[in-house]
Amino acid sequence: MDAQYQPQAVEFEAQRFWEEQKCFEVTEDPNKEKFYCLSMFPYPSGRLHMGHVRNYTIGDVISRFQRMRGKNVLQPMGWDAFGLPAENAAIKNNVAPAKWTYENIDYMRTQLKQLGFGYDWQREVATCRPDYYRWEQWLFIKLYEKGLVYKKTAPVNWCPHDVTVLANEQVIDGRCWRCDTLVERKEIPQWFMRITQYADELLTELDHLDGWPEQVRTMQRNWIGRSEGAEIQFTVEGSGEALKVYTTRPDTLLGATYLAVAPEHPLALRAAQTNPLLAEFINQCRTMATAEAAMETMEKLGFNTGLTAAHPLTGKHLPIFAANFVLMGYGEGAVMSVPAHDQRDWEFAHKYGLPITQVIAATNGDVVDLTTAAYTEKGVLINSAEFSGLSSAQAVDAITNKLASTGLGKKRVNFRLRDWGVSRQRYWGAPIPMIHCAACGTVPVPEQDLPVVLPENIVFEGVGSPIKKMPEFYRTHCPKCGGEAERETDTFDTFMESSWYFARYASPDNDQAMVDARAKYWLPVDQYIGGIEHAILHLLYARFFNKLMRDVGLVENNEPFTNLLTQGMVVASTFYRLGDDGKKNFFNPAEIIPERDERGRLVAAKAKSDGQPVIVGSTEKMSKSKNNGVDPQILVEQYGADTARLFMMFAAPPEMSLDWSDAGVEGASRFLRRAWKQVHDHVAVGATTPLTVTELTSEQKQLRRISHQTLFRATDAYERRFSFNTVISGTMEMLNAVAKFEDRSAQGRAVRQEALEIAALVLAPIVPHIAHSLWYALGKTEAVVHARWPLADANAMKADEIELVVQVNGKLRGRVMVPTSANKAEIEAFAMSDVNVQRHLEGQVIKKIIAVPGRLINVVV
RNA sequence: GCCGGGGUGGCGGAAUUGGUAGACGCGCUGGACUCAAAAUCCAGUGAGGGAAACUUCGUGUCGGUUCGAUUCCGACCCUCGGCACCA
């Protein structure tokens, strides 16, 4: 054994061993308990970032721990390879997205190997390869045949100057990121998947996902947003056509004083034909952003269409407004407005001078003040004809029943969840396998013609997708009639690929089926790990896809991920200067010199390049667009993979967000050097004799107690709590105790040997390379990667004496050592004997004594 | 705006079920070793008072429940993530 810890040599040797022994290549073994541990696969952006290192270290720690527990562990890795950044890089560097992506994958694979993650590389998938996405195309056609896929128009962000569709990310303050043109909404035909058909199951199954964090389940519940209410039909006066609205508060129906429809609603458009001012208003609404956050924060505007509708109960004439906050694609594209009992309606009514009619009174008789805000509580009905006097709950039934009797309304369950629009007007994605024939309409690509391959060798000009200008791609023949036809040139949303990759890892080489019987062994994923930012969209789509695959007979499990660990984000400060055009030019943290106040907080910064100040922006998740990523490669090269892994796991518990700072990396490295030296100094003396547990001194017993308690706590931390940071701090304490333990006797050395073995095993999942070396150094013949996790010895953990805290009125006044065998009276006597405690009890009357076994005594005076 | 997190020393964090607040690490201060530096080792380190024993305050803010609250409840402030075309 080297006297010095040399991470490069240690890591090279361990990685060579794992690869030669094929330690992480697994097959289905029905005799062994399986454990499928999956970390969210990366987008191949070019280099690993800290978030990846954090994510994949957590996954590897859990995988290696479960291996030591004797499970058959599958840990695969792959690439979420389609997406917008490849197109951006193509424009910037004049390189085809495919080439750029494959090169990134090659580099990042090397980085992952350098970090020592135990992946089964035989199962690697890249979603941009036709042998992967052909199955997605295949499933899409199956779902089309089942009626779960349909086409409708939906809005996109449209740049009229570049004549292209923009992603939300490419819209900055309502303008195109490239040319600053005002972005418009444009309705275009797109493909949708009926996720709403699964809304009920997606919602109710959340109750059984006990292995998921409660916060994620809550977010998904709210996102799906089941509500019970009524569909109510108003009648447009003049034309007599029906105008349906959905409301969760049918009890307030008599308080409706106007209706609001989306600007794109057919009624509004028709009225605009004879009303230029309304047409102008509708036109203005076209510049409205598509993002919900922007919709909700914008100024609520409306315009009277001049049309009126008859109230279904009173027949009153209610004005119909076109309003920018009503969404055409959501519900009926129309809402009834009750300004007395809805805050948004209240504000709108005040702005446009519309009547406010109170129809709900407080149950407790309090006066309702409608001059400052709407009254949104449930209560008792007033001003509601025959319904007055009913409670809100009674009125919901009474009013919907009345409406039902005239055919003007019915109870309805509504979901906030909308169907999933999967069309993207972009190049770097999986082609949607559909053909448009003038004679036959939309025809799916026949199964034997799959995959529809995306041409990779293209010239990327910047605006617009190249395949939309490639006749050799889109010109084809109709599979039905054989006539001239055109392919769909839109590609799939990249969330499609990431919605089923977890299943493909079980049968990555099958060219006859999407997944095969092997999936039944491995699925569901036992532990899924990924960023909290995926709590809703990705995780909901993956759950949806799992159910789709189940319903076409591919898998048996209802849910894809039994346990979920949502890792907190790695965040960092942003630095930028404003350009002449008002755009932010971001600086990487490596390019600036920070200035901190006396509390260590960042207050200002200068650029290294010119020494001039840069603006310190908000702290955000590390991303390319904000250029605030810190490259982990430097860490690995300077200190080795184990230090990088150790520091990542030590810096914070996995679920907490981590504000990046490299202060402390040195400490992690120092700890590994000390551990190495301790083992070295111990084994340099020679082999140890076996431990005789019955003949130990109290110091020897104490070190054993610490060792086994550390093991006991680490087991729970790995298995249940995922608090890897406390595994590390616990091991540090233990090795500190070993360092202070100076006993050189044979039994003393045996106790030390046991402690060092426990340290190597406990640390092995986190720092597997150094553990590999230390384990051999401690005289073991089998590699630590094959070692079994030991059980903590309950006898070794027992103490003869225990420290009790003595409080007087809840304040700490003393500590006493008490034999563990002492009874209640003896413990109280010990507590009262403390000098300081006596001082505080002098002249006081003892009211009560509270004893918490093994912890404290509180004397109440 | 809506939904979901987070806030504890100079810094990262610990305190597992309402029971010793600040484990462990970083940084800093002092010392040892060294010609010197690095590395390493030893000691100290929440704030105030005290020579010390000890004591008062202290977990974003304000209020509540309790013998006892970082932990439970209510209101608020700040901050982060998501909001359906970033992934």
Side-chain angles (χ1 to χ4, degrees), chain A residues 40 42-43 45 80 83-85 88 156-157 165-171 213-216 218-219 221-223 225 290-298 344 417-421 423-426 493-495 498 531-538 540-541 566 568-569 571 596-601 618-621 623-625 647 650-653 655-659 661 663-668 670-671 673-674 677 713 716-717 720-721 723 725-726 728-733 736 803-812 815 835-836 839 847-850 852 855-856 858-861:
Chain A
M40 290 181 186
Y43 177 79
S45 54
D80 186 15
L84 205 51
N88 296 334
V156 291
N157 301 307
V165 176
L166 299 176
N168 283 338
E169 193 189 49
Q170 299 171 319
V171 180
E214 194 53 54
Q215 57 156 312
V216 175
T218 305
M219 280 192 267
R221 272 188 204 106
N222 294 337
W223 183 263
T290 54
E292 191 189 293
M295 296 276 294
E296 290 289 327
T297 46
M298 73 187 175
R344 187 181 64 188
L417 182 70
R418 309 199 291 262
D419 274 338
W420 178 12
S423 295
R424 297 293 179 269
Q425 298 69 42
R426 275 185 272 285
D493 178 1
T494 57
F495 272 125
S498 54
I532 183 67
E533 71 272 26
H534 297 294
I536 296 174
L537 291 179
H538 162 62
L540 190 65
Y541 291 143
T566 47
M569 228 124 358
V571 298
R596 296 177 186 276
D597 66 9
E598 67 282 2
R599 295 195 67 193
R601 281 186 193 133
S618 54
T619 302
E620 294 181 58
K621 82 166 165 173
S623 73
K624 277 217 145 171
S625 57
F647 176 60
F650 187 52
E655 276 154 312
M656 207 180 274
S657 78
L658 175 56
D659 198 346
S661 139
V665 177
E666 195 64 53
R670 189 177 302 157
F671 170 67
R673 289 199 299 268
R674 281 178 54 167
K677 190 169 180 298
R713 288 187 188 135
D716 188 45
R720 183 178 62 87
R721 303 213 305 144
S723 55
N725 53 330
T726 65
I728 297 165
S729 63
T731 314
M732 285 173 170
E733 285 184 88
N736 286 345
E803 189 190 71
L804 270 193
V805 159
V806 189
Q807 297 181 333
V808 178
N809 280 354
K811 284 196 194 290
L812 174 69
R815 298 156 200 271
V835 182
N836 200 42
R839 205 160 61 77
K847 283 190 191 157
K848 196 156 61 159
I849 297 175
I850 294 155
V852 182
R855 286 203 181 264
L856 59 71
N858 187 16
V859 184
V860 185
V861 297

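Please read all numbers here as calculations on a predicted model, not as lab measurements. In what follows, every chain begins at residue 1, and chains take the letters A, B, ... in the order their sequences are listed.
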Give me the distances for all protein-to-nucleotides 25-29 of chain B N/O pairs that come in under 3.5 Å?
residue	atom	partner	partner atom	Å
B:G25	OP1	A:N736	ND2	3.3
B:C26	OP1	A:R670	NH1	2.5

Hey, does the side-chain of A:N858 have a donor or acceptor N/O within less than 3.5 Å of a partner on the base of B:C67? yes
Quick one: does A:R855 reach the base of B:U20 with a side-chain donor-acceptor pair under 3.5 Å? no
Record whether the side chain of A:Q425 comes under 3.5 Å of the base of B:C85 through a donor-acceptor pair of N or O atoms. yes
Syn or anti for B:G31 (syn when the glycosidic angle lies within 90° of 0): anti
Does the side chain of A:R713 get closer than 4.0 angstrom to OP1 or OP2 of B:C24 through an N or O atom? no
Rounded to whole Å, how long is the line connecting atom NZ of A:K847 with atom P of B:U66? 13 Å
Answer yes when A:E214 and A:R221 have at least one side-chain N-carboxylate O distance shorter than 4.0 Å, and no when they do not. yes
Could you state the atom-to-atom distance from OH of A:Y541 to C1' of B:A84 in whole Å? 5 Å
In whole angstroms, the gap separating C1' of B:G5 from CE of A:M219 amounts to 7 Å
Does B:U16 have OP1 or OP2 under 4.0 Å away from a side-chain N or O of A:R721? no
Report the residue (A:N836 or A:E214) whose heavy-atom-nearest nucleotide on RNA chain B is the more 5′ of the two. A:E214
Taking 4.0 Å as the cut-off, does a side-chain nitrogen or oxygen of A:K621 come that near to OP1 or OP2 on B:G82? yes
Phosphate-side-chain proximity, A:K811 and B:C57, N/O vs OP1/OP2 below 4.0 Å: yes
Any side-chain N or O of A:N222 less than 4.0 Å from the OP1 or OP2 oxygen of B:G4? yes
Given Watson-Crick and G-U pairs under 3.5 Å, RNA chain B in dot-bracket ([ ] crossing, | other strand) is (((((((..(((......[....)))((((((.......))))))((((....))))..(((((..]....))))))))))))....
Just checking A:R344: base, sugar-phosphate only, or nothing, at a heavy-atom cut-off of under 4.0 Å? nothing
